[in-house]
Amino acid sequence: MQFASLGSGSRGNGTLLRAGDVCILIDCGFTTRQLERRLAAAGLGLDDLTAVLVTHEHSDHANGVGPLARRTGVAVHATLGTWRGMGAVPGPGDAVIAADQPFRLGPVEVAPITVPHDAREPVQFRFRHGGRSVGVLTDLGHPTAHVAEQFRGCDALLLEFNHDPELLRCGRYPEPLKRRVGGRFGHLANGQSAELLAALEPERLQVLVAGHLSEQNNTPEHARTALEAALEGLNAHRHLATQDAFSGWFAVE
């Protein structure tokens, strides 16, 4: 398998996973034109996409899904709550998926995993193929035992390192938004991410990508400090995903 970030943050998210002839896009918070430009950086076009998986209906993850599907006809997979949150109805080629019920896309097993986030029926995903697994885990307010169990032992992981609590507290966000981001159904703070990572058998990791960093309430230095503490002594490749740049492809062997 290979995976890559097309961009990660509050202005738009998209992650690619590729195995054999299957190319999966997880979330699309970009316009179709922006997506085309980002896919080109990955050596791909719109027609290369096999399916789009939607984690939840928030605009930075779902705004581009409808326009993409209408233009290309690519199959969209989302929970019933996410379909309703998007205000959309599945078409003939689309799918309503169930949280914690794995399904297959070609040779890839896809596990949608329930997470605590302030959306209708949010999930994140773990992918298995060829004896290896890749996790995509962002947009959760706190690490649950269920999340830890389901993502334990990944060979590669894109994990949210959203904010530093002190930067959030002193930042420019309105107080209700601060409470939402820092709450139990918001986003992971750097320290929470590091604690979760330490519980996921990180010695198996080949690649760790830190994603969904807040541009206002975090810095790469804050995130990297927490990440390095959790991975001390381990050889996993580290990468901090950014909002505007393609990460490059990461191979999982």
Side-chain angles (χ1 to χ4, degrees), residues 3-5 7-11 13-15 26-27 55-56 58 60-61 113-119 122-127 133-171 173 177-243 247 250:
F3 77 106
S5 171
S8 185
S10 59
R11 291 187 285 111
N13 293 273
T15 306
I26 303 99
D27 288 335
T55 61
H56 62 294
H58 291 166
D60 56 327
H61 295 263
I113 297 163
T114 301
V115 294
H117 193 53
D118 55 356
V123 293
Q124 296 292 316
F125 293 100
R126 182 170 180 168
F127 304 90
S133 68
V134 174
V136 176
L137 180 55
T138 70
D139 294 75
L140 64 161
H142 65 282
T144 65
H146 180 67
V147 165
E149 177 184 354
Q150 294 300 314
F151 282 92
R152 186 170 290 118
C154 286
D155 298 285
L157 181 65
L158 189 156
L159 176 63
E160 174 173 68
F161 280 73
N162 179 256
H163 64 276
D164 174 82
E166 186 63 16
L167 293 180
L168 177 65
R169 186 183 70 81
C170 298
Y173 277 11
L177 183 55
K178 290 181 180 181
R179 289 193 294 271
R180 182 238 161 197
V181 170
R184 287 178 59 78
F185 295 91
H187 292 273
L188 289 182
N190 294 332
Q192 290 176 299
S193 303
E195 290 175 8
L196 175 58
L197 182 57
L200 297 183
E201 298 179 7
E203 62 274 6
R204 289 181 56 99
L205 284 174
Q206 299 176 31
V207 181
L208 188 284
V209 177
H212 221 306
L213 274 69
S214 171
E215 294 178 298
Q216 293 195 38
N217 304 307
N218 208 356
T219 69
E221 292 74 20
H222 282 82
R224 191 178 297 279
T225 296
L227 183 158
E228 291 296 343
L231 294 181
E232 185 177 3
L234 301 180
N235 294 323
H237 176 75
R238 286 90 149 156
H239 180 81
L240 268 61
T242 64
Q243 180 69 85
S247 66
F250 302 106

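Predicted model only: the values in this text are computed from it and were never measured.
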Who are the salt bridge (charged side-chain N to carboxylate O under 4.0 Å, His left out) partners of [X], not counting sequence neighbours?
X	answer
Arg179	none
Arg204	Asp155
Glu203	none

Under the salt bridge (charged side-chain N to carboxylate O under 4.0 Å, His left out) definition, can you give me all pairs with a residue in [range], not counting sequence neighbours?
range	value
residues 210-229	Arg11-Glu215, Glu228-Arg238
residues 156-168	Glu166-Arg169
residues 186-195	none

Return the orientation label for the His56 and His117 ring planes: parallel under 30°, perpendicular over 60°, tilted otherwise. perpendicular

Roughly how far, to the nearest 0.5 Å, is [atom2] of [Y] from [atom1] of [X]?
X	Y	atom1	atom2	answer
Leu140	Asp118	CG	CG	11.5 Å
Asn235	Leu205	CG	CG	11.5 Å
Leu208	Leu234	CG	CG	10.0 Å
Thr138	Asp27	OG1	CG	7.0 Å
Glu201	Cys154	CD	SG	9.5 Å
Asn217	Leu168	CG	CG	4.5 Å

List the atom of [X], the atom of [Y], and the distance in Å for their closest heavy-atom pair.
X	Y	result
Asp60	Ser10	CB-O, 3.4 Å
Ser214	Tyr173	OG-OH, 4.2 Å
Ala230	Ala194	CB-O, 3.6 Å
Leu213	Pro220	CD2-CA, 4.1 Å

Once side-chain contact (heavy atoms from CB on, under 4.5 Å) is applied, do any residues pair with [X], and if so which ones, sequence neighbours excluded?
X	result
Ser8	Ser5, Asn13, His212, Ala241
Ser193	Leu159, Phe161, Leu188
Ala156	Phe3, Val134, Val207, Val252
Ala148	Arg152, Leu196, Leu200

Quick one: are [X] and [Y] in side-chain contact, heavy atoms under 4.5 Å?
X	Y	result
Arg126	Gln150	no
Val115	Val123	no
Thr144	Pro116	yes

Taking the six-membered ring where the residue is Trp, are the ring centres of His163 and His187 under 6.0 Å apart? no

For the residue pair His222 and Thr219, confirm or rule out a side-chain donor-acceptor distance under 3.5 Å. yes

Any side-chain donor near an acceptor of the partner, Asn218 and Asn162, under 3.5 Å: no

For His146, does its backbone N or O pair with a side-chain atom of Glu149 as donor and acceptor, under 3.5 Å? no

Partner of Thr55 under side chain to side chain contact (heavy atoms under 4.5 Å, CB included), chosen from Asp139, Ile26, Thr15: Ile26

Check against side-chain contact (heavy atoms from CB on, under 4.5 Å), Phe125 and Ile113: CA-CA 6 Å; Phe125 293 100; Ile113 297 163; over 6 Å; no

Candidate pair Leu197 and Leu231, rule side-chain contact (heavy atoms from CB on, under 4.5 Å), full reasoning: CA-CA 8 Å; Leu197 182 57; Leu231 294 181; 3.8 Å; yes

Going by ring-ring contact (aromatic ring centres under 6.0 Å, His included), name the residues that satisfy it together with His237, two or more places apart in sequence or in a different chain. Phe250

Pairing residues for Thr114 by the side chain to side chain donor-acceptor pair (under 3.5 Å) criterion, not counting sequence neighbours: Asp100

